[in-house]
A.B. asks: 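What follows is a single structure, and I will ask about it in a moment.
Indexing begins at 1, ligand by ligand and atom by atom, following the structure's order.
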Amino acid sequence: MCGIIGYTGPLDAKKVVIQGLEQLEYRGYDSAGMALQTEDHHLLLMKEAGPVAVLKETSREAKVRSHCGIGHTRWATHGGVTDTNAHPHTAGKVTLIHNGIIENYHEIVERFHFREELVSETDTEVAAWLINHFYTHSEKGPAGNPYRALCEAVRTIKGSYAFCVLFEDIPGKVFAIRNVSPLVAAASSVGTFIASDLTALISYTREYFVVPENHVVVLEEERARLLDLEGHEVEPQMLEVNWDTEAAQKGGYPHFMIKEINEQPEALERTIKPRLNGGLPDFSEENIPDTLFTDCEKIDIVACGTAMYAGMVGKSLLEPMLKIPVSVNIASEFRYEQPLLDERTLTIIISQSGETIDTLAALRLAKEHGSRILSIVNVKGSTIARESDYVLYTHAGPEIAVASTKAYSVQLAVLYLLVCRMALVRNCMTEEEAQSFIEELLKTIPAIRQVLGDLTPCKHVSERMVSARNAFFIGRGLDYAFSLEGALKLKEISYIHAEAYAAGELKHGTIALIEKNTPVVAIATQEHIFAKTISNIREVKARDAYVILITKPGADVSSEVYDIHIELPELSDRFTVFPVAVILQLIAYYTSDGKGLNVDKPRNLAKSVTVE
Ligand code: AGP
């Protein structure tokens, strides 16, 4: 995610833009930049890597009088965290800021011969050149029409975007258009505004409108005009702000965690779809050679916490598919285990922050042993990303809540893409099998939307969970791998002691802990071991446990086995982790909230553990 602000009006545009960026910084903080139209009709462009505070300091010296400008905070997706890649980007007469991912930007570069013009590594600069092209070469009428330039550009682009544009020869106006990525706009007594969300607007006005997709907004000093792609003026649907600033940063949700849980469908789309080519996984964008996958004889996955539990799911898929040893290692242990690895070992590092010190140390150790490093990271340009041989970025956007949710799902998504690519190039999967694997992966997105569409079962479970002192999460095979993350979620935000256990292992000791009403979340989504898991559930039910059973739809199970039965959307066994993860996140969230705890900032924890 990135933060966007545009303004025109009587106020000092530099001040309005900087204040707006400060409010939007939670959306991305790799770099910040702004473009200001000065009173003498020049364009002042300032942008650099680093937080908004750096831009604010740099711009302090700039004595400029401006009443029209745009600003951007970046969460890097294409191109490293550098000054050059920071937004705004200027191309000819166009200066542009962007939030989103342009999926066909390579094709646009070739089709319109932009290669020689490009100075950055971003897809955004390509969009700027495209809009400039249609602004100066429109085939559908005289050049110099900003509205038509935007319409023709978005008809060429595939992907998600929120563009804010200044045209060199059109002073005092800001143009914008969106598809998927959010934009809100407002007109007030002190000018007109456009931004990624309300946080940047609500200190000026309580009235706003959500910019409809593929409609052009033209900010003029007195009004914010809305036109559809056919050029018709459209009356915006005005809304009333009823949030304070902090609430607005949460997009109206009570906590960042529930907001981020709800962002998972879009995060998965941003992470999966740009890496598909003809329905098959394609890592050419990240310059990852297939030899990395064909040459390795074993795989070591190393991470901490939730990232490590994502690795457990990865192992459960990779090992049977590739028929090579796959180990999952706790980074803080891996460092002291004299691991057996060499240049024939592929080490996969998983980290949301890319700064976890134990994971970084494990990366360096693996490198010393000659292993090649592939990392799965959410923060562009982070230390782990920079020290890896290859990086597959997840596109979850900033994850603010300490408890990882959307980052876990997108880590899984990258692992699924990796499994499929590795199986394909190692001839463990035919192209047809790979295509149906990817089709199943894409079905997880509507499946998650379906789970998010009915929160009642999870709220019902949490009503029982809030009074628990202990809880168990059990499953077999992949279901056991899922249960590890579910237990961690509950523990870290509700402070209930929760333990994940291989269902078949309970009777070897731990079942002694089961007493009347002990909550047991039983995950039974894997058909080939379903009956075995049900018999383990009967064992805890026989001790009066309170069983929350999660199965695929239509599972053949007697109601005497469970107290609550949550049925998943239809998915094949290997893909049930995605809706299961969301259900377990929601159970943990509503339990913590029901206990009146600080969901986003649980005690004793930090978002990124940079101490050993
Ligand atoms: C998960 O909810 C926690 N926030 C924690 O376990 C986290 O996953 C772990 O510290 C690893 O962090 P990283 O992914 O940034 O490396």
A.B. asks: Give the numbers and elements of all ligand 1 atoms closer than 4.0 Å to a heavy atom of Ala307.
C.D. replies: 8 (O), 14 (O)
A.B. asks: List the steps, then state whether side chain to side chain donor-acceptor pair (under 3.5 Å) holds for Thr525 with Thr576.
C.D. replies: CA-CA 7 Å; Thr525 71; Thr576 55; 2.9 Å; yes
A.B. asks: Below 4.0 angstrom from a heavy atom of Thr356, which ligand 1 atoms are there? Numbered from 1 as shown, please.
C.D. replies: 12 (O), 13 (P), 15 (O), 16 (O)
A.B. asks: Give the single entry among Ala303, Cys304, Gly305 that approaches atom 11 (C) of ligand 1 most closely by any heavy atom.
C.D. replies: Cys304
A.B. asks: What verdict does the side chain to side chain donor-acceptor pair (under 3.5 Å) test give for Ser388 and Ser375, after you've listed the backbone C-alpha separation in whole Å, the side-chain angles of each residue and the deciding distance to 0.1 Å?
C.D. replies: CA-CA 6 Å; Ser388 299; Ser375 63; 2.9 Å; yes
A.B. asks: Keeping to residues at least two apart or across chains, list the side chain to side chain donor-acceptor pair (under 3.5 Å) pairs with something in residues 359-371.
C.D. replies: Thr347-Ser371, Arg364-Glu387
A.B. asks: Could you label the plane-to-plane angle of the Phe283 and Phe293 rings as parallel, tilted or perpendicular, counting under 30° as parallel and over 60° as perpendicular?
C.D. replies: perpendicular
A.B. asks: Do ligand 1 and Thr359 have nitrogen or oxygen atoms that lie under 3.5 Å from each other?
C.D. replies: no
A.B. asks: As an exercise, identify every atom of ligand 1 less than 4.0 angstrom from a heavy atom of Val402.
C.D. replies: 2 (O), 3 (C), 4 (N)
A.B. asks: Any nitrogen or oxygen of Thr306, main chain or side chain, under 3.5 Å from a nitrogen or oxygen of ligand 1?
C.D. replies: yes
A.B. asks: I'd like a table of donor-acceptor pairs (distance under 3.5 Å, sequence neighbours excluded) in which one partner is a side-chain atom from residues 497-506, with atom names and distances.
C.D. replies:
{"unit_1": "Tyr501", "atom_1": "OH", "unit_2": "Thr510", "atom_2": "OG1", "d": "2.7"}

A.B. asks: Does the residue Lys489 have a heavy-atom contact with ligand 1, meaning some pair of atoms that are separated by less than 4.0 Å?
C.D. replies: yes
A.B. asks: I need the atoms of ligand 1 closer than 4.0 Å to a non-hydrogen atom of Ala403, numbered in the order shown.
C.D. replies: 2 (O)
A.B. asks: May I ask you to list the atoms of ligand 1 that are less than 4.0 angstrom from any heavy atom of Ser353?
C.D. replies: 13 (P), 15 (O), 16 (O)
A.B. asks: Check each heavy atom of Glu355 against ligand 1 and say whether those closer than 4.0 Å belong to the side chain, the backbone, both or neither.
C.D. replies: neither
A.B. asks: Any cation-pi pair here, Arg464 with Tyr546, using under 6.0 Å and within 45°?
C.D. replies: yes
A.B. asks: Aromatic ring centroids of Phe473 and Phe482 under 6.0 Å?
C.D. replies: no
